[in-house]
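The next block holds one structure in the form of C-alpha cells; read it before the comments.
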Amino acid sequence: GKKGRAEDSHTSILPMIKVRGELSACKFDSMRLYVPDGTQLKKVQAVALRQTDKGYTFNFDIEPEARGFYYVGGGRRNDTRIMYLGMDSVVVVKGQCRSLRNAAVEQSHGTDTYTETKKAVSDQQQAFTKLLGKYRQNMANPTAKEAVVKEMAVLDEQKLGLLDSLKLY
C-alpha cells in the first residue's frame, strides 16, 4: 500500500527521503507531490515555492517506507515530472517551472534506472519494428529473410539481458 506517504510524524529508524527543488521561471506559488492512483494523480503534499536570489526552491520530506513512483508539479497536472524515490536520502529536481516534465532529477538512482530502462525498451521496440519491416520486404528472398531472423534472435537476447539486469524474476 501507499500508507505513510503524507504522514506528518516521522517514526522510522530510516531517514526521511528529502526532495529538494531548484527552479526558475515560476508563475505559480506552490509545488505539489502526487502519487499515481490507478488512472489519475493523487495529491499527497503541497508546499510553497520560496523565491531566492537564484530562482525558486521547494522541499518535500517523504517517509522512507513510502518509496515508489511520485510526480512533482506546480501549475498543471499535465506538466509533471515522474521520479522513483527509493533508497536515496536526498533527491534534487532542477529545471524551469514552465517545463517541469523536462526537469532533471539528480541524485536519484531509482529515477535514473527507470529512465534508462524506459529508453532501452523503447529502443528495442523500434528495432523490432524495423526488423519486422525488413522481414516482410524479404519474404521472397530466403537468404535475406534468414539473416533478418538471426538479427531478431540477437534482439531477443538483448531483451532477455535487460530483464535479467532488472532482476524481475
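Just so you know, these numbers come straight off a predicted model, no measurement behind them.
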Disulfide (SG to SG under 2.5 Å): pairs with one or both residues in residues 46-92, sequence neighbours excluded: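 As it turns out, there is no disulfide (SG to SG under 2.5 Å) pair with a partner in residues 46-92 once direct neighbours are skipped.
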
Listed once per pair and sorted, the disulfide (SG to SG under 2.5 Å) pairs that draw on residues 111-150, sequence neighbours left out: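 Checked against disulfide (SG to SG under 2.5 Å) - neighbours excluded - no pair reaches residues 111-150.
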
Residue pairs, two or more places apart or on separate chains, that pass side chain to side chain donor-acceptor pair (under 3.5 Å) and touch residues 85-99: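 Qualifying pairs: Lys94-Glu106, Gln96-Arg98, Ser99-Asn102.
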
ring-ring contact (aromatic ring centres under 6.0 Å, His included) contacts touching residues 77-132 (sequence neighbours left out):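 Non-adjacent pairs meeting ring-ring contact (aromatic ring centres under 6.0 Å, His included): Phe69-Tyr84, Phe69-Tyr114.
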
Taking every non-hydrogen atom, the tightest pair across [X] and [Y]:
| X | Y | result |
| --- | --- | --- |
| Ile17 | Pro64 | CD1-CA, 3.9 Å |
| Ala103 | Gly95 | CB-CA, 4.3 Å |
| Cys97 | Leu49 | SG-CD1, 4.3 Å |
| Tyr71 | Thr80 | CD2-OG1, 3.4 Å |
| Ile62 | Ala66 | CG2-CB, 4.2 Å |

Extract all donor-acceptor atom pairs below 3.5 Å that involve side chains of residues 50-59 and protein atoms in other chains or at least two apart in sequence.
unit_1, atom_1, unit_2, atom_2, d
Thr52, OG1, Lys54, N, 3.2
Thr52, OG1, Gly55, N, 3.2
Thr52, OG1, Gly55, O, 3.4
Asn59, OD1, Arg20, NE, 3.1
Asn59, OD1, Arg20, NH1, 3.1

With sequence neighbours excluded, give me every salt bridge (Lys or Arg N to Asp or Glu O under 4.0 Å) pair touching [range].
| range | result |
| --- | --- |
| residues 119-130 | Lys119-Asp123 |
| residues 37-48 | none |
| residues 137-156 | Lys134-Glu151, Glu146-Lys150 |

How long is the span from the [atom1] atom in [X] to the [atom2] atom in [Y], to the nearest 0.5 Å?
| X | Y | atom1 | atom2 | value |
| --- | --- | --- | --- | --- |
| Leu85 | Leu33 | CG | CG | 7.5 Å |
| Lys118 | Thr111 | NZ | OG1 | 11.5 Å |
| Ser108 | Met87 | OG | CE | 12.5 Å |
| Leu23 | Met31 | CG | CE | 5.5 Å |

For Asp79, side-chain contact (heavy atoms from CB on, under 4.5 Å) partners two or more places apart: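 Applying side-chain contact (heavy atoms from CB on, under 4.5 Å) to Asp79 gives Arg76, Leu100, Arg101.
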
Remaining members of hydrophobic cluster (4.5 Å side-chain criterion), Val92: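 Val90, all in the cluster of Val92.
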
ILVMFWY network linking Leu160 to Met152, side-chain heavy atoms under 4.5 angstrom: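 No: no chain of side-chain contacts under 4.5 Å links Leu160 to Met152.
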
N/O donor-acceptor pair under 3.5 Å between Thr129 side chain and Gln125 backbone: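 Flag set: sc Thr129 to bb Gln125 pair under 3.5 Å.
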
Val47 and Arg32: CA distance, side-chain angles, deciding distance, side chain to side chain contact (heavy atoms under 4.5 Å, CB included) verdict: CA-CA 7 Å; Val47 294; Arg32 295 165 192 86; over 6 Å; no

Pairwise side-chain contact, Lys159 with Leu155, heavy-atom cut-off 4.5 Å (strictly under):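 When only atoms from C-beta onward are counted, Leu155 and Lys159 do touch, with a gap below 4.5 Å.
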
Heavy-atom side-chain proximity of Val19 to Val93 below 4.5 angstrom: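 Yes, close enough: below the 4.5 Å cut-off.
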
Asp112: salt bridge (Lys or Arg N to Asp or Glu O under 4.0 Å) partners, not counting sequence neighbours: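 With sequence neighbours excluded, Asp112 shows a salt bridge (Lys or Arg N to Asp or Glu O under 4.0 Å) to no residue whatsoever.
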
Residues in side-chain hydrogen bond (donor to acceptor under 3.5 Å, both in side chains) contact with Lys18, at least two apart in sequence or another chain: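 Once residues adjacent in sequence are excluded, the partners of Lys18 under the side-chain hydrogen bond (donor to acceptor under 3.5 Å, both in side chains) criterion are Asp61.
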
